[in-house]
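Pasting a structure here, questions to come.
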2 protein chains.
Amino acid sequence: MNRNSILRPDTVRSRNTTAILDAAELEFAEYGFKGATIASIAKRSKLPPANIHYYFGSKELLYQTCVERIFDIWKVAAEALDEIDDPVVALSLYITRKLDISRERPSGSKIWANEIIQGAPTMHAFLAKDLYDWTDSRTALFRKWQSEGRLKPVNPNTILYMIWATTQHYADFYHQIRVLNDGKELDEAQWEEIKSDVCSIILAGVGAKSDFSAK
Amino acid sequence: MNRNSILRPDTVRSRNTTAILDAAELEFAEYGFKGATIASIAKRSKLPPANIHYYFGSKELLYQTCVERIFDIWKVAAEALDEIDDPVVALSLYITRKLDISRERPSGSKIWANEIIQGAPTMHAFLAKDLYDWTDSRTALFRKWQSEGRLKPVNPNTILYMIWATTQHYADFYHQIRVLNDGKELDEAQWEEIKSDVCSIILAGVGAKSDFSAK
DNA sequence: GGTTTAACTGATTAAGTAGTCAGAAAACAT
DNA sequence: ATGTTTTCTGACTACTTAATCAGTTAAACC
């Protein structure tokens with residue numbers, strides 16, 4: 001009955017739970033909670049359906065475990081805005097990290113998108129508490145920068161939303177981007193160009209300036 | 001209430017098909033194609049489930065009709081970039097229109113998001129043909145502006161993606177935005193501020209300049 | 001090697017699910 | 001009124017779904 005084995009070595013249990021979570025992440029990302037099926041997750045993970053209930057108890061609990069795993073990854077990117085007092089460096093680093101995550105783990109972003117579209121039935125508490133507080137302290141930082149003339153006076157929330165929207169667009173809408181890229185995957189050089197262009201547009205857009213005295 | 005009454009007057013048929021399409025739009029937006037159920041759409045539209053099959057034949061056809069109705073609305077916004085040769089005016093108008101649509105018809109944007117997340121099983125032909133061509137001609141226009149020094153030299157696709165991502169974010173992620181707005185709906189003044197800030201950030205970000213000779 | 005405990009799964013259940021269809025009800029024509 | 005066509009729907013079918021559970025296999029321990 002024990003769960004939550006994001007644990008050590010190469011036990012049968014750890015291998016199976018990881019395989020199930022990986023499969024579930026793809027399935028939930030593609031079809032949302034309602035549209036996903038245990039049978040399909042079982043097939044993707046090459047395990048019998050009953051095994052999934054054995055490890056996770058229910059579809060709901062599997063989903064929650066999936067979501068928690070995503071949060072852990074996103075928290076790391078969020079730290080970029082925490083300790084750096086230079087808007088140019090802080091925003092560039094945050095945007096770059098978020099784009100890296102969109103590239104490497106698009107499923108996480110898609111699950112989040114599905115959740116919010118559906119009105120966040122599962123994540124509502126997280127939104128209203130953790131994300132609210134985080135956003136609040138970040139917009140306070142933006143306001144400080146604005147008062148120092150290092151950021152243009154626009155609504156700080158709008159700045160955050162634009163960064164989230166744009167960076168996650170490269171995960172959620174990757175299929176569309178690939179079609180418009182002549183059906184080809186984005187290559188290394190293109191990803192670098194995207195990072196550079198998005199940073200350039202946002203930084204110029206919000207009028208981000210490094211501290212003059214430090215220059 | 002009854003938008004887009006494809007059919008004439010106030011017949012039983014037109015009232016019912018509209019009620020079903022409105023209900024279906026909400027349902028598909030929330031749960032995607034797989035997650036949506038005929039029974040739930042029937043309940044939303046206050047009609048018996050068999051009636052939906054009577055009018056639309058199948059879930060698939062209902063979905064397609066839904067999607068077509070959305071395209072018709074989006075095409076209007078797309079025209080903003082068609083005939084205006086001033087990047088400042090053209091981009092402002094396009095962004096403003098897209099934000100208006102996100103506010104008034106968020107379901108359309110959500111259905112689109114769900115479709116793309118799932119790899120566009122239904123809209124793929126539209127993506128690869130119509131959207132591809134439209135995007136191609138728009139990015140050509142951006143390149144022309146760039147050669148005239150009226151737009152910063154960044155990848156034109158990135159500019160479009162940022163506009164799409166940001167404007168549609170206010171539809172797809174409205175729930176999150178509302179939570180971060182202290183649980184309150186965005187009011188008229190806030191929407192105006194968003195339009196103004198988004199235009200300001202994007203225009204400054206891409207270095208949009210009106211034609212000097214015309215000034 | 002034998003006993004206990006944990007890991008697993010095939011078969012089944014009960015609750016949805018899209019779609020069908022015979023025929024009722026309404027609209028229309030004469 | 002009467003007959004005829006169109007519109008509509010309750011009851012049904014065939015299938016999918018999450019979840020259960022009895023029973024089997026494998027591992028752990030002594």
Side-chain angles (χ1 to χ4, degrees), chain A residues 1-67 111 114 118 121-122, chain B residues 5-67 111 114 118 121-122:
Chain A
M1 280 296 172
N2 82 352
R3 57 185 35 108
N4 223 12
S5 345
I6 301 167
L7 33 84
R8 35 272 139 149
D10 194 39
T11 65
V12 173
R13 175 176 275 276
S14 77
R15 254 184 290 120
N16 285 355
T17 50
T18 304
I20 292 167
L21 279 172
D22 288 348
E25 196 170 304
L26 289 172
E27 177 78 6
F28 286 131
E30 202 166 328
Y31 299 113
F33 179 75
K34 268 192 79 174
T37 69
I38 298 285
S40 174
I41 294 167
K43 210 170 178 184
R44 282 186 203 249
S45 62
K46 287 165 188 162
L47 287 167
N51 199 308
I52 288 166
H53 280 95
Y54 172 69
Y55 283 123
F56 293 95
S58 75
K59 189 182 175 185
E60 181 73 41
L61 284 168
L62 172 59
Y63 181 70
Q64 276 169 25
T65 312
C66 236
V67 167
I111 288 177
N114 265 313
Q118 285 170 42
T122 302
Chain B
S5 298
I6 303 157
L7 309 169
R8 320 297 137 79
D10 195 39
T11 64
V12 174
R13 182 177 205 88
S14 78
R15 253 184 289 120
N16 285 357
T17 50
T18 304
I20 292 166
L21 279 172
D22 287 348
E25 196 169 305
L26 289 172
E27 178 78 6
F28 285 130
E30 201 166 329
Y31 299 113
F33 180 75
K34 266 191 82 173
T37 70
I38 299 284
S40 174
I41 293 167
K43 209 171 179 182
R44 282 186 203 249
S45 62
K46 286 165 188 161
L47 287 167
N51 200 309
I52 288 166
H53 280 95
Y54 171 70
Y55 283 122
F56 293 95
S58 74
K59 188 182 175 184
E60 180 73 40
L61 283 168
L62 172 59
Y63 180 70
Q64 277 168 26
T65 311
C66 238
V67 167
I111 289 176
N114 265 313
Q118 283 170 43
T122 302

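Since we're looking at a predicted model, the values are computed, not measured. So that the names make sense, note that chain A is the first sequence line, chain B the second, and so on, each numbered from 1. The figures that follow rest on heavy atoms only: side chains count, while hydrogens, waters and symmetry mates do not.
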- [ ] Report the distance from atom CD1 of B/Ile20 to atom P of C/dA18, rounded to the nearest whole Å.
- [x]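 From B/Ile20 CD1 to C/dA18 P: 14 Å.
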
Task: Spacing of B/Leu61 atom CG relative to C/dG19 atom P, expressed in whole Å - done: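 Result: 9 Å.
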
Distances for protein N or O near nucleotides 12-19 of chain D N or O, under 3.5 Å:
| unit_1 | atom_1 | unit_2 | atom_2 | d |
| --- | --- | --- | --- | --- |
| D/dA18 | OP1 | A/Ala36 | O | 3.3 |
| D/dA18 | OP1 | A/Ile38 | N | 3.2 |
| D/dA18 | OP1 | A/Lys59 | NZ | 3.4 |
| D/dA18 | OP2 | A/Ile38 | N | 2.9 |
| D/dA19 | OP2 | A/His53 | NE2 | 3.1 |
| D/dA19 | OP2 | A/Lys59 | N | 2.7 |

Open item on the list: Does D/dT7 have its OP1 or OP2 closer than 4.0 Å to a side-chain nitrogen or oxygen of B/Tyr55?
Closed with: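 The answer is no; no side-chain N or O of B/Tyr55 sits under 4.0 Å from OP1 or OP2.
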
TODO: May I have the distance from A/Phe56 (atom CZ) to D/dT20 (atom P), rounded to whole angstrom?
DONE: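 Computing the A/Phe56:CZ to D/dT20:P distance gives 16 Å.
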
TODO: Could you tell me whether the side chain of B/Lys34 and the main chain of A/Gly32 form a donor-acceptor pair under 3.5 Å?
DONE: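 No, because the side chain of B/Lys34 does not come within donor-acceptor range (under 3.5 Å) of the backbone of A/Gly32.
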
Open item on the list: Given 3.5 Å as the limit, does a donor-acceptor pair link the side chain of B/Asn114 with the main chain of B/Glu30, or not?
Closed with: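 Not at all, since once roles are kept as given, no pair shorter than 3.5 Å links the two residues.
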
Open item on the list: Let's see if you can work this out: which of C/dA7, D/dT7, C/dC21 has an atom nearest to the side-chain heavy atoms of A/Arg13?
Closed with: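 Nearest listed nucleotide: C/dA7.
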
Task: Separation of C/dA25 C1' from B/Tyr54 OH (nearest whole Å) - done: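 Value for this atom pair: 12 Å.
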
- [ ] Kindly give the heavy-atom pair with the smallest separation between A/Tyr54 and A/Arg13, and that separation in Å.
- [x]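 Where A/Tyr54 meets A/Arg13 most closely, the heavy atoms are OH-NH2, 4.0 Å.
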
TODO: Compare side-chain N and O positions of A/Asn51 against OP1 and OP2 of C/dT9 and report whether any pair is under 4.0 Å apart.
DONE: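 Indeed, a polar side-chain atom of A/Asn51 lies that close.
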
Open item on the list: Ring-plane angle category for B/Tyr63 and B/Phe28, please: parallel below 30°, perpendicular beyond 60°, tilted otherwise.
Closed with: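 If you compare the ring of B/Tyr63 with that of B/Phe28, the planes turn out perpendicular.
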
Task: Options C/dC8, D/dT9, D/dC8, nucleotide nearest the side-chain atoms of A/Asn16 - done: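 That would be C/dC8.
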
Task: Minimum side-chain heavy-atom gap A/Leu62-A/Tyr55 below 4.5 Å - done: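 A side-chain contact is absent here, since even the closest heavy-atom pair is not under 4.5 Å.
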
- [ ] Identify, with sequence neighbours excluded, every residue that meets salt bridge (Lys or Arg N to Asp or Glu O under 4.0 Å) alongside A/Glu25.
- [x]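 A/Glu25 satisfies salt bridge (Lys or Arg N to Asp or Glu O under 4.0 Å) with A/Arg69, A/Arg105 once adjacent residues are dropped.
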
